[in-house]
Amino acid sequence: MMQLSDSDFQRMARFMQDNYGINLTKKKQLINNRLSMSLASEGYESFTQFVDKLISKKDSSLIELVLSKLTTNYTYFMREKEHYDFFMNVVLPDISKKNENKKVLSIWSAGCSTGEEPYNLSMCLKEYFGVHANQWDTRVLATDISPRVLAHARNPSYEMPNDIPPSWKTKYFMKRNDGSGMYTVTPEIRKNVIFRTFNLMDPIRFKLDFDVIFCRNVMIYFDQPTKDALVQRFYNATKKGGYLMIGHSENLSKNCPYQMLRPATFQKR
């Protein structure tokens, strides 16, 4: 098994931190274990050869390889159900009242992985607005840095989730016609989500500021200064009175510009 030298590790860690915000400073052994066999199978003779090519930025598939090996895309429908309950019972009544005239809601799933979160949010929106849903523009922006997971999200294939309400299973899921026995979401739900590739380290320059930003279980890979800077960019892109939801295992610093409403839930006052 090829070994990662200290100098190659430092070069790679600096590159991933500077360009993607991912903190690898204590992950040398993890990198060595998870990448060495893959690099050998791809024909690399050393980590030096790989790192040289990685930092040249000439092959985006190498970034995809590193991200897939060193981060997890673990997600599922109704993850941290308390957020969805709060979204439907508190957030949606608030932001729909504020946007009654234009009937446009701006919601961002940042770090959407394979699509469960933005599709889940769309189901909540359809349930909340009911027969009036077609009067509103409730399309959810869903972004991720990984083209691979976005390809899955655009053509979703899931086992039927256990925690989804029984009526939602009937309304919002359908069996795939490929004989796999897997399920996909209905066209109504799929067309309500706009998927885009986006690096959270980049400036946030979307057309509208957001009523709600979901960025859950993403910042666990960032060091504190990177998290602070990202939260400030989120804040600048949030409407007054808008909301930020993070994962329950995550924390924001004391100088966070949002006001904390409850664990993992914040508002721009």
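The figures that follow rest on heavy atoms only: side chains count, while hydrogens, waters and symmetry mates do not.
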Check: Crowded around K103 NZ? As in, over 12 foreign heavy atoms under 6.0 Å?
Finding: yes
Check: Between T226 and Q224, does any side-chain donor sit less than 3.5 Å from a side-chain acceptor?
Finding: no
Checklist line | pair F47-S5: side-chain heavy atoms closer than 4.5 Å | finding: no
Checklist line | Neighbour count above 12 (heavy atom, 6.0 Å) for K169 NZ | finding: yes
Check: Can you tell if the side chain of F173 reaches within under 4.5 Å of the side chain of P156, non-hydrogen atoms only?
Finding: no
Check: With under 30° as parallel and over 60° as perpendicular, where do the rings of Y158 and H152 fit, or are they tilted in between?
Finding: tilted
Margin query: Test: salt bridge (Lys or Arg N to Asp or Glu O under 4.0 Å). Region: residues 189-209. Which pairs qualify, not counting sequence neighbours?
Written below: none
Notebook entry, point to check: Does atom CE of M182 have more than 12 heavy-atom neighbours from other groups under 6.0 Å away?
Noted result: yes
Check: Under a 4.5 Å cut-off applied to non-hydrogen side-chain atoms, are K98 and L105 in contact?
Finding: no
Checklist line | Residues Y76 and N162: side-chain donor-acceptor under 3.5 angstrom | finding: no
Next item on the list: For residues Q17 and N23, determine if any side-chain heavy atom of one lies less than 4.5 Å from a side-chain heavy atom of the other.
Entry: yes
Notebook entry, point to check: Any side-chain heavy-atom pair from K27 and L70 closer than 4.5 angstrom?
Noted result: no
Item checked: Check: H248 main-chain N/O paired with E80 side-chain donor or acceptor under 3.5 Å -> yes
Check: Which residues satisfy the salt bridge (charged side-chain N to carboxylate O under 4.0 Å, His left out) test with D18, sequence neighbours excluded?
Finding: none
Notebook entry, point to check: Is any NZ, NE, NH1 or NH2 atom of the basic residue among R79 and E116 found under 4.0 Å from an Asp or Glu carboxylate oxygen of the other?
Noted result: no
Check: Do Y128 and M123 come close enough that some side-chain heavy atom pair is under 4.5 Å?
Finding: no
Notebook entry, point to check: Do N19 side-chain atoms and F15 backbone N/O form a donor-acceptor pair below 3.5 Å?
Noted result: yes
Margin query: Would K126 pass as a cation-pi partner of Y172, given that its NZ or CZ must be under 6.0 Å from the six-membered ring centre and within 45 degrees of the axis?
Written below: no
Next item on the list: May I ask you to say whether R11 pairs ionically with D52, meaning some side-chain N is under 4.0 Å from a carboxylate O?
Entry: yes
